[in-house]
Amino acid sequence: MAYKIAVLPGDGVGREVIAEAVKVLKALKLKGSQEFIFTECLVGGAAIDEVGVPLPPETLETCLNSDAILFGAVGGPKWSNVAYHLRPEKALLDIRQTLGLYANLRPVKVYPALVDASPLKREIVEGVDILVVRELTGGIYFGNPRGIEKVDEEERGLNTLVYTASEIRRIVKLAFEIARNRRKILTSVDKANVLETMQLWRRIVTEVARDYPDVTVEHLYVDNCAMQLIRSPKQFDVIVTENMFGDILSDEAAMLTGSIGMLPSASIGGKVGFYEPIHGSAPDIAGKNKANPLAAIASAALMLRYSLNLESEATRIERAILTALEKGYRTPDIAQEGTRILGTQEMGDVIAENLA
Ligand code: NAD
């Protein structure tokens with residue numbers, strides 16, 4: 001059995017952390033005749049430099065013909081002034097939309113060894129275990145009309161927040177299914193007090209909830225949720241929300257774990273599962289062997305679990321991460337007194353060794 005994996009490192013630290021995730025996957029000894037076949041593709045700024053567009057057709061083709069996609073990060077100052085349709089980040093939006101990846105799962109788990117790496121107090125973050133379910137193919141990032149136009153001699157920017165009832169229903173149902181297999185608490189985050197789109201969101205959550213009497217549902221406005229995530233994050237089990245709110249809240253939640261470099265993600269629901277760390281290309285530390293590769297390595301574990309059905313291998317990677325942290329190995333972003341600081345590549349080596 002050969003598992004075909006499209007590898008899209010992208011730009012900046014994306015390249016560095018994906019190299020470590022691939023290193024760890026190669027170090028996994030698969031059973032029998034199972035093997036991974038990796039195909040590396042251009043995406044983002046690297047693709048613009050090479051072929052003039054952020055998402056070359058061959059990259060998309062390889063993604064569509066693979067069993068799963070492992071993605072690093074795209075973007076950087078070099079490409080920040082190019083036209084919107086040629087920006088590196090546009091590649092990511094186009095992949096999500098073309099593949100129909102409507103659900104982004106972001107587990108926010110505080111590792112016991114990292115409790116003191118969080119900027120919040122130990123008693124607030126200890127034991128936090130949240131899953132953010134973010135809608136990924138709708139909302140204001142994709143809505144039309146959009147653009148910058150001139151009206152009566154003045155420029156104005158325009159974006160549209162739009163959701164159909166069926167788009168809301170499918171993400172909400174998925175979140176209920178997930179909550180049912182966890183602690184059975186679902187928090188739906190909206191802004192129904194000011195946005196009609198979010199009134200529809202809330203109404204559909206209430207309707208779908210009737211099919212899940214075993215799950216406790218709570219509705220929170222996004223501003224309150226942002227505050228509650230810092231005040232008492234342990235109240236949350238599964239959070240379901242629309243695209244932009246989910247983008248912002250999951251970066252905030254990342255800090256509960258100590259660093260954005262710790263958070264993996266899985267984008268599912270479409271033709272091929274897509275796995276990436278939630279961070280960007282981190283131009284400030286790119287090329288310095290300083291990036292934390294654990295989010296990328298944990299994303300590879302999610303890939304094994306959700307797309308390749310290799311649960312025990314996924315668990316082995318997650319245990320190897322846990323062991324490295326318990327032994328006191330740290331990248332600079334999660335460094336604490338008395339711990340051993342490693343570079344990106346050395347952390348990858350430690351995880352690969354720990355698999356045994
Ligand atoms: P960023 O996530 O790249 O960096 C934010 C901060 O987190 C920086 O201080 C960075 O050093 C730190 N950081 C990020 N990843 C880290 C890691 N693995 N280990 C240690 N520290 C880490 O966000 P940004 O600075 O707002 O964006 C930089 C570029 O990345 C922009 O072009 C942006 O559009 C792009 N971006 C891409 C993605 C993606 O590809 N999925 C996501 C977010 C941002």
Side-chain angles (χ1 to χ4, degrees), residues 7-21 41-49 54-55 59 69-82 84 86-97 99 101 104-106 114 117-119 132 134 136-137 141 243-244 246-267 274-300 302 321 324-325 329-336 341-348 351:
V7 180
L8 281 57
D11 307 314
V13 302
R15 311 193 68 75
E16 299 169 54
V17 298
I18 288 304
E20 300 316 305
C41 306
L42 286 169
V43 74
I48 295 172
D49 289 352
L55 183 60
T59 297
I69 303 157
L70 192 57
F71 181 94
V74 288
K78 184 174 174 192
W79 308 280
S80 55
N81 291 322
V82 298
Y84 170 77
L86 283 178
R87 288 192 61 129
E89 294 82 352
K90 182 76 170 50
L92 194 51
L93 298 183
D94 286 351
I95 292 177
R96 287 171 181 168
Q97 205 169 37
L99 268 58
L101 301 166
N104 183 233
L105 313 185
R106 298 186 163 192
L114 283 188
S118 169
V132 180
R134 166 186 168 197
L136 204 58
T137 50
Y141 291 176
N243 203 343
M244 184 163 74
D247 192 4
I248 298 168
L249 291 176
S250 53
D251 269 30
E252 182 192 0
M255 281 316 292
L256 303 171
T257 68
S259 168
I260 195 168
M262 293 298 300
L263 243 71
S265 83
S267 298
F274 181 92
Y275 300 86
E276 58 168 333
I278 79 155
H279 60 76
S281 59
D284 53 335
I285 55 167
K288 297 180 179 160
N289 195 33
K290 278 187 174 172
N292 185 343
L294 295 180
I297 295 171
S299 300
L302 294 182
I321 294 176
L325 295 172
Y329 293 114
R330 301 284 189 274
T331 41
D333 55 317
I334 48 172
Q336 297 157 261
I341 313 298
L342 301 180
T344 311
Q345 293 168 17
E346 294 70 30
M347 183 58 104
I351 306 300

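Sequence positions, counted from 1, serve as the residue numbers for this chain. Counting convention: from 1, in listed order, for ligands and their atoms alike.
- Under a 4.0 Å N-O distance rule, the pair Asp49/Lys78 qualifies as a salt bridge.
- Between atom CG of residue Leu92 and atom CZ of residue Arg87 there is a gap of 12.5 Å, rounded to the nearest 0.5 Å.
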Handout entry: Test log, rule side chain to side chain contact (heavy atoms under 4.5 Å, CB included), inputs Met347 and Ile297
Key = CA-CA 10 Å; Met347 183 58 104; Ile297 295 171; 5.6 Å; no
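- In this structure, the side chains of Thr331 and Met262 stay at 4.5 Å or more apart for every pair of heavy atoms.
- For atom 13 (N) of ligand 1, the protein comes within 4.0 Å by at least one heavy atom.
- When only interatomic distances are considered, the shortest N/O to N/O separation between Ile285 and ligand 1 does not fall below 3.5 Å.
- Side-chain contact between Pro54 and Val74 is absent, with no heavy atoms from C-beta onward closer than 4.5 Å.
- Atom 38 (C) of ligand 1 has its nearest heavy-atom neighbour, among Ala291, Gly72, Gly280, in Gly280.
- At under 3.5 Å, not a single nitrogen or oxygen of Val13, backbone or side chain, sits near a nitrogen or oxygen of ligand 1.
- The structure places CD1 of Ile321 at 5.5 Å from CD1 of Ile351, a figure rounded to the nearest 0.5 Å.
- Contact annotation for Ile260 and ligand 1: only side-chain heavy atoms (C-beta onward) come within less than 4.0 Å of the ligand.
- Closest to atom 28 (C) of ligand 1 by heavy atom, among Ala286, Gly76, Pro283, is Pro283.
- Heavy-atom separations between Leu92 and ligand 1 include at least one value shorter than 4.0 Å.
- At a distance under 4.0 Å, a protein heavy atom can be found next to atom 32 (O) of ligand 1.
- Both the backbone and the side chain of Val74 come within contact range of ligand 1, each with a heavy atom under 4.0 Å.
- Residue Ser299 holds its OG atom at 7.0 Å from CD1 of Ile18, rounded to the nearest 0.5 Å.
- Look at Ala295 and you'll find every heavy atom at least 4.0 Å from all atoms of ligand 1.
- The N/O atoms of Ala282, backbone and side chain alike, include one that comes under 3.5 Å of an N/O atom in ligand 1.
- For atom 26 (O) of ligand 1, no protein non-hydrogen atom is found at a distance below 4.0 Å.
- Ile285 contributes atom CD1, which lies 7.0 Å from atom OG1 of Thr344 (distance to the nearest 0.5 angstrom).
- Any N or O atom pair closer than 3.5 Å counts here, and Lys290 shares no such pair with ligand 1.
- The protein does not reach atom 6 (C) of ligand 1 closely, with no heavy atom under 4.0 angstrom from it.
- With a 4.0 Å cut-off on non-hydrogen atoms, Glu89 touches ligand 1 through its side chain and not its backbone.
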